[in-house]
Amino acid sequence: MMQSFDAIVIGAGVIGASTAYHLAALGASSVLVLDRGMIGNGTTSQSSGILRTHYSVPENIDLALKSWSVFTNFAEYLGDDEASCGLVKCGYMITAPEGDRLSPLRESIEHQRSLGIEVRLVDQKEAQEILPIAQFSDAALTGFEPEAGFADAYMTTTSFIKAARRRGVTVRENINVIRLLIEGGKVTGVETDAGTFLSNTVISTQNIWASEIQGWTGVSIPLKPERHAVLSLEGPKPYTYSMPVFKDLGSPGMLYCRSYGGNQMLVSEGVVGDALNAPDTTQGDIPLDYILDVGAQVAERFPSFETAGLASSWTGVYDVTPDWNPVIGPLPGIEGLFVGFGFSGHGFKLSPAVGKILAQSALGKPTDVSLVPYSFERFASGALLVGKYGLGAVS
């Protein structure tokens, strides 16, 4: 006899793990999670883990704020004293020089403040005191958000999964979904390489593999996988855990960086990456030219890092939509199919809230935030969620 479930989640990355937990917490009595690999081993494992509420898209601020309240209260939220997301609360600093990014930054900070988020403007002298290894001679506007930082995406994912299992959720790894079962425009389950599982509610949190939905349903999925490189640079001066995550709107690559422990800095560009022809999380080559270019940009802002060496590096893959913002909620035309894809590099920081609203939507409950801005239909209607700093940056 085929097993039947209240809901099936495809994908056990951080969004899928959060969704599964919230489905069970909101009353779904039987939930199945299926993953093509191991829990959190896809794009989640490549995350830089930065947490902030700074966005130029107002809707994202709400999701980030709701998620931050979970990250700062993680063990209690999951009802597990041992649960940890690896949070380092070091603050988030963002700076812009004179030019076209100045007024969008000012508007974004004002919007954050209107929501009661603590963000203060700091002058060059105070910025230097907060982040002494950087120089701010070109900074026309710098914002500092003390209630921000970074966390560990893998720890977060496994904690959500553990809490979900405790609530009766079944998690199956190394299982490929071959197709969706659809009858009369309604989902009835999934066929996998380990058999058929039945459910009238299926939630895809497949990240870069969400394009598979197109083959299953015939619905065109606007998604491109894009590879980004992350470098760990070892400098002569420490970038301590008490120093903030830093976003540099003045650098050509709109760099973001954070402490990676000791004298190491984790750094990457916040611009459009290399498009891939197919979803693939295998490590890509990072050209020496790229490393030298990013190193030169880092040295402009962090003078001591002019002599930094490359300690390690990796590539991560983003699931990018045309407006660099996610699709969350029902997929039109197929009853019972819900999706969360296209996070374009900022899925981790939104994952607690996204998992909850996906679960609420799938269970027919009111959602904590409106799903209208994140609807699939926006690409046809033109109501895009476009960030004010340009594609690939802080949406």
Do the side chain of [X] and the main chain of [Y] share a donor and acceptor less than 3.5 angstrom apart?
X	Y	answer
E145	T53	yes
S69	K66	yes
K89	E147	no
R106	L141	no
D35	G37	yes
R167	Y21	no
Q135	E300	yes
S67	A64	no
S159	S84	yes
N176	R36	no

**Request:** Apply side-chain hydrogen bond (donor to acceptor under 3.5 Å, both in side chains) to Y374 and N60, showing your working.
**Result:** CA-CA 10 Å; Y374 297 101; N60 288 345; 2.7 Å; yes
Counting only heavy atoms not in [X], do more than 12 sit closer than 6.0 Å to its [atom1] atom?
X	atom1	value
K224	NZ	no
E234	CD	yes
E107	CD	yes
E129	CD	yes
E306	CD	no
E173	CD	yes

**Asked** Is K356 salt-bridged to D368, going by a charged N under 4.0 Å from an acidic O?
**Response** yes
**Request:** Please determine if R301 and D138 form a salt bridge, counting it only when a charged side-chain N lies under 4.0 Å from a carboxylate O.
**Result:** yes
Which pair of non-hydrogen atoms, one from [X] and one from [Y], has the smallest distance, and what is that distance?
X	Y	value
G149	C90	CA-SG, 3.8 Å
A194	R172	CB-NH2, 4.2 Å
G40	Y154	O-CD1, 3.8 Å
G261	S259	N-OG, 3.1 Å
C257	M265	CB-CG, 3.7 Å
L51	A148	O-CB, 3.4 Å

Is [Y] reachable from [X] through a run of hydrophobic residues whose side-chain heavy atoms are each under 4.5 Å from the next?
X	Y	answer
I94	W68	yes
L363	I203	yes
F379	I334	yes

**Asked** Which residue pairs pass the side chain to side chain donor-acceptor pair (under 3.5 Å) test when at least one of the two sits in residues 286-297, sequence neighbours left out?
**Response**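 Sorted pair list: E269-Q297, D293-Q297.
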Kindly assign one of parallel, tilted or perpendicular to the pair [X] and [Y], based on the angle between their ring planes and the thresholds 30° and 60°.
X	Y	result
W324	H228	perpendicular
F71	F74	parallel
F246	F136	perpendicular
H346	Y55	perpendicular

**Message:** Please report whether the ring centroid of Y260 lies less than 6.0 Å from that of F150.
**Reply:**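 Judged by ring-centre distance (under 6.0 Å), F150 and Y260 do not meet the cut-off.
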